[in-house]
Amino acid sequence: QVQLVESGGGSVQAGGSLRLSCQASRVTYIIRWTGWFRQAPGKEREAVAAIYTGGGSTNYADPVKGRFTISRDNAKNTVYLQMNSLKPEDTAMYYCAASEFYFSTMDWVRPSVYNYWGQGTQVTVSS
């Protein structure tokens with residue numbers, strides 16, 4: 001069993017930056033993919049970014065491309081989401097998710113392919 005703990009959320013003005021962290025409770029050699037999702041009130045959970053443990057390849061949702069960067073530090077069992085040029089529409093609860101499974105790259109946006117989830121960290125961006 002792997003537990004994921006997110007941190008780094010908070011309130012920031014538009015144009016500001018935050019860095020989210022997702023720390024796994026154990027060595028992550030079983031984890032193939034780690035992703036970040038977000039959910040705003042009244043909206044469905046949506047994929048933000050994901051990183052493949054094996055080769056480090058990354059994927060981003062169109063609304064965050066060029067502004068967000070996902071990275072990992074295997075020594076710390078931690079995945080980061082650096083968020084720059086934040087917009088009010090980025091306001092949401094952000095969740096870290098991890099998957100033990102191999103799946104097609106195009107499936108990274110599907111919550112169902114991730115079998116471990118954190119509790120979430122709130123990000124609020126004011127205009």
Is there a continuous path of hydrophobic side-chain contacts, each under 4.5 Å between heavy atoms, that joins Val64 to Leu86? yes
Heavy-atom pair with the smallest gap, counting every atom of Ala61 and Ala47: CB-O, 3.3 Å
Between Asn115 (side chain) and Glu100 (backbone), is there a donor-acceptor pair under 3.5 Å? yes
Lys65/Asp62 under salt bridge (charged side-chain N to carboxylate O under 4.0 Å, His left out): CA gap, chis, key distance, verdict: CA-CA 5 Å; Lys65 282 182 179 177; Asp62 286 344; 3.1 Å; yes
Check: Trp108 ring centre within less than 6.0 Å of Tyr52 ring centre: no
Are Trp117 and Val113 in one and the same hydrophobic cluster, where Ile, Leu, Val, Met, Phe, Trp and Tyr link if side-chain heavy atoms are under 4.5 Å apart? yes
In the structure I gave you, are the side-chain heavy atoms of Asp90 and Arg38 within less than 4.5 Å of one another anywhere? yes
Ile70, Ile51, Thr105 screened by side-chain contact (heavy atoms from CB on, under 4.5 Å) with Asn59, the one that passes: Thr105
Counting heavy atoms not belonging to Gln122, are there more than 12 under 6.0 Å from its CD? yes
Pair listing, side chain to side chain donor-acceptor pair (under 3.5 Å) test, anchored in residues 5-23, at least two apart: Ser17-Asn84
Can you give me the closest heavy-atom contact between Tyr94 and Ala92, atom names plus distance? CD1-O, 3.3 Å
For the pair Arg67 (side chain) and Ser85 (backbone), establish whether a donor and an acceptor sit closer than 3.5 Å, ignoring hydrogens and angles. yes
Has the side chain of Thr91 got a donor or acceptor atom that lies under 3.5 Å from a matching backbone atom of Thr124? no
Going by heavy atoms in the side chains, are Thr34 and Cys96 under 4.5 Å from each other? yes
Gap between atom CG of Leu20 and atom CD of Gln82 - 0.5 Å precision: 9.0 Å
Applying a strict under-4.5 Å side-chain criterion to I, L, V, M, F, W and Y, I'd like to know whether Tyr102 and Tyr116 cluster together. no
So do the side chains of Val48 and Leu81 get within less than 4.5 Å of each other, counting heavy atoms only? yes
Indicate yes or no: at least one non-hydrogen side-chain atom of Cys22 is less than 4.5 angstrom from one of Tyr80. no
Separation of Glu46 CD from Trp36 CH2 (nearest 0.5 Å): 14.5 Å
How close do Arg72 and Thr53 get, heavy atom to heavy atom, and via which atoms? NH2-O, 3.0 Å
Is it the case that over 12 heavy atoms from other parts of the model lie below 6.0 angstrom from the CD atom of Glu89? yes
hydrophobic_cluster_shared for Val109 and Tyr60, side chain cutoff 4.5 Å: no
Could Arg110 and Asp107 be called an ion pair, given the rule that one side-chain N must be under 4.0 Å from one carboxylate O? yes
Please report the interatomic distance OG1(Thr58) to CZ(Phe68), rounded to the nearest 0.5 Å. 14.0 Å
The single option from Trp33, Tyr95, Phe37 that satisfies ring pair (Phe, Tyr, Trp, His ring centres under 6.0 Å) with Tyr114 is Phe37
